[in-house]
Protein chains: 2
Amino acid sequence: MTDTNQTDAVPGRAITTPRSGKASATIYDIAALAGVNPSTVSRALSKPGRVSAKTQQKILDAAEELNYQVNIFARALPTGRTQTVGLIVSDITNPAFFDIIRGAETAAASRDYTLMLAESTESAEHEMTAAKRMLATVDGLILASPRLANEEIQELAAKKPIVLINRRVDGVASIVADTETGVAEAVRHLAAQGHTSISYVAGPERSWMSARRWESIKARCDWHGMKLSQVASGMPTVEGGRRAAAVVKDGEATAVFCYNDLMAIGLMRELQGAGVSIPEQLSIMGFDNIFGSDFTTPPLSTIKSPLHELGVTALSRLLEFIVPGDQAGVVESSAGTAAGAGTTAPGAVGQAGAEAGGAAVAALSTELVLRGSTGAARPA
Amino acid sequence: MTDTNQTDAVPGRAITTPRSGKASATIYDIAALAGVNPSTVSRALSKPGRVSAKTQQKILDAAEELNYQVNIFARALPTGRTQTVGLIVSDITNPAFFDIIRGAETAAASRDYTLMLAESTESAEHEMTAAKRMLATVDGLILASPRLANEEIQELAAKKPIVLINRRVDGVASIVADTETGVAEAVRHLAAQGHTSISYVAGPERSWMSARRWESIKARCDWHGMKLSQVASGMPTVEGGRRAAAVVKDGEATAVFCYNDLMAIGLMRELQGAGVSIPEQLSIMGFDNIFGSDFTTPPLSTIKSPLHELGVTALSRLLEFIVPGDQAGVVESSAGTAAGAGTTAPGAVGQAGAEAGGAAVAALSTELVLRGSTGAARPA
DNA sequence: CAAGTTTTGGCAACCGGTTGACAAACTTTC
DNA sequence: GAAAGTTTGTCAACCGGTTGCCAAAACTTG
């Protein structure tokens with residue numbers, strides 16, 4: 001092995017020159033082989049039923065023989081269709097997006113669409129750049145937790161179909177996980193454990209979801225007659241959570257919700273480092289149930305988001321706009337996107353699931369995952 | 001807010017119809033505005049120096065005014081260039097790929113290339129499908145830890161430029177993290193802690209990197225006169241690690257290397273569940289230093305991979321093939337790809353870093369991260 | 001100032017599909 | 001068997017750039 005395994009220390013020498021010309025077959029080649037006109041080939045390959053079964057077969061055989069593959073650029077030129085959709089996430093390294101990405105990717109692949117991925121690194125500006133760049137190439141775009149302003153999103157939506165994940169903007173399709181159910185469970189649990197004063201460590205200011213989670217918690221705390229305060233917002237990262245530790249420690253709350261698991265983990269570890277024992281002295285609750293949230297000691301209690309479903313559903317919804325007739329992916333349903341409508345009416349909370357009891361809705365609801373980071377309130 | 005914030009419970013009603021026709025400007029529009037021929041516009045925009053400064057300016061102004069954007073499909077049709085590169089990873093949800101993906105994504109974006117992402121879900125077949133699909137669309141492809149056979153990779157490489165990450169195949173460019181340095185440190189550390197019998201929990205059989213890690217460990221164990229055994233391979237996931245627990249527990253080894261952190265975490269948690277205390281009764285060492293590997297109790301000792309750099313370097317190298325003249329990203333260097341040449345010669349290990357002491361090499365070397373999961377050997 | 005050289009811009013073909021219009025071929029109907 | 005209707009295939013234009021070739025224009029040089 002040692003001598004055949006050439007290293008490429010001498011760059012470009014051992015490396016086989018890529019891109020051997022070998023142009024692939026075109027519809028003209030097929031046409032010649034099948035003895036028909038190129039346009040007939042085009043129709044046979046795209047418009048089903050437009051050509052007779054006999055010629056259809058001849059053409060298919062010829063295509064097979066030449067192992068033809070459409071040139072998507074040639075197709076895209078006149079039609080604008082690219083068989084590609086974009087997904088922009090705010091932070092690729094945030095595990096919460098893994099499952100969204102995977103969900104979207106597999107859903108796309110199964111429908112013969114390709115996924116383009118970009119990240120905005122939590123910056124509205126980067127996000128706009130990425131979106132603009134993608135817009136030229138894709139048939140539609142999914143924006144997961146975008147940081148853009150409403151108007152910017154509407155502007156994008158005017159050009160190509162857009163589906164939002166965990167964000168709601170007038171006139172733009174969106175898939176939102178229903179926070180209410182999970183939050184209701186969580187607050188009920190904390191109330192039962194004797195907590196009366198709660199705090200919320202918010203995420204980025206431009207995060208719609210952070211505001212929404214706050215509202216849900218507020219509504220439920222009011223319901224239970226508990227006190228709720230908000231800690232200054234920060235980056236939705238482990239580091240962001242750490243930064244919030246000082247304020248939380250000095251506060252009077254005995255339980256704290258963090259905007260997401262990353263922050264919850266950061267907060268917990270920072271506090272533990274400062275000698276606070278979790279959950280004895282403070283209960284911590286995250287959101288999302290990301291990879292690794294059960295690795296900590298104590299493992300994190302969290303409100304699980306249907307991340308994978310969010311990705312799958314967003315993609316299906318997007319494809320609905322792009323290919324109106326298509327119904328392949330039955331997973332999603334318009335009802336699912338309606339979950340969690342009223343953001344301020346606490347009365348609606350408990351009913352959200354009930355009134356539109358479809359499988360899709362259930363899939364997009366959140367759920368309390370009780371682990372070790374929450375417990376009984378410390379005596380006041 | 002409540003009444004203006006329309007939900008899309010009635011699908012397609014509140015949603016603004018996307019894709020308003022508004023076709024964007026073409027070079028013909030520019031040509032008309034600037035009073036020149038379309039071909040001149042094309043040249044002004046791509047071939048620098050081919051047109052006079054005066055017309056160049058006129059054209060640029062006109063383009064600006066119409067806020068022109070090339071139609072990449074029209075461009076791709078005659079040239080084949082798409083300004084897009086592909087990245088295929090074996091598992092999107094494996095945190096080890098996060099940083100690789102991000103590295104590649106940012107490097108691509110900074111050079112005005114767009115990244116397409118796909119995953120193979122650890123299956124050679126899926127990988128081939130994804131690769132084939134992408135090949136039609138991209139200028140080049142990065143395969144991170146591919147599961148494909150060498151011949152299949154060579155076959156792909158014959159069509160478009162390909163760069164491999166953590167895999168070496170004759171005649172194909174590759175970027176490989178130098179396992180030796182980290183492994184040498186790690187084994188030396190374990191030896192110093194009194195361990196004499198070590199075990200390796202291997203990853204997937206088709207994983208080149210798993211074999212490579214095994215060889216590095218073997219070489220160093222031989223050097224230190226330690227016993228090394230291999231535990232049957234499994235999926236490179238937390239679950240895969242759990243599955244290996246039984247065999248490891250019954251073995252005589254006092255320290256175990258796992259193919260990656262995911263497996264190490266799974267193994268550790270499963271063993272702990274069975275009452276084994278880490279590191280008192282068994283030392284566990286992972287590979288990669290993924291997100292979350294420090295969340296566990298005890299935090300995982302691991303051999304850190306330069307994941308981000310791997311992504312950046314792979315992309316730069318790929319672009320070198322695609323745009324031969326281009327030298328924008330100085331980050332990478334051909335020397336970097338040569339690191340870790342001899343896979344079997346133990347003597348070479350210590351020297352690898354020394355003999356080619358460039359910054360690029362350093363960036364791609366691995367490094368021991370000592371945390372709590374490793375400690376002194378239990379008395380035999 | 002003429003001859004030679006270098007720039008610069010225009011023409012037209014081409015990349016590989018799609019699609020509207022139309023005619024030829026085939027069916028159906030009376 | 002002719003008229004009317006329906007399929008099916010062909011023609012040709014088009015999507016929006018790129019590029020080889022050539023001639024006109026501009027610049028050198030003697």
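Protein chains get the first letters and strands the later ones, always in sequence-line order, with residue 1 at the start of each.
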Q. Taking the nucleotide of DNA chain D with the closest heavy atom to each, which residue, B:Arg50 or B:Arg75, is nearer the 5' end?
A. B:Arg75
(Q) Here's a test of your reading of the structure: between A:Ser39 and A:Ala74, which maps to the more 5' nucleotide of DNA chain D? (A) A:Ser39
Can you see if the side chain of [X] gets near the phosphate of [N] - specifically, an N or O under 4.0 Å from OP1 or OP2?
X       : N      : value
A:Lys47 : C:dT19 : yes
B:Ser42 : D:dG17 : no
B:Thr55 : C:dG9  : yes

Between [atom2] on [N] and [atom1] on [X], what's the gap in Å once rounded to a whole number?
X       : N      : atom1 : atom2 : value
B:Phe73 : D:dC15 : CZ    : C1'   : 12 Å
B:Leu77 : C:dC15 : CG    : P     : 9 Å
B:Gln56 : C:dG9  : CD    : C1'   : 13 Å

Q.
Under the ring-ring contact (aromatic ring centres under 6.0 Å, His included) definition, can you give me all pairs with a residue in residues 57-89 of chain B, not counting sequence neighbours?
A. A:Phe73-B:Phe73
Q.
Under 4.0 Å between a side-chain nitrogen and a carboxylate oxygen: does that hold for B:Arg102 and B:Glu105?
A. no
Q) Any donor-acceptor pair under 3.5 Å joining the side chain of B:Arg43 to the base of C:dG10? A) yes
Q: Residues of residues 27-38 of chain A with any non-hydrogen atom less than 4.0 angstrom from an atom of DNA chain C: list those, numerically ordered, please.
A: A:Ile27, A:Tyr28
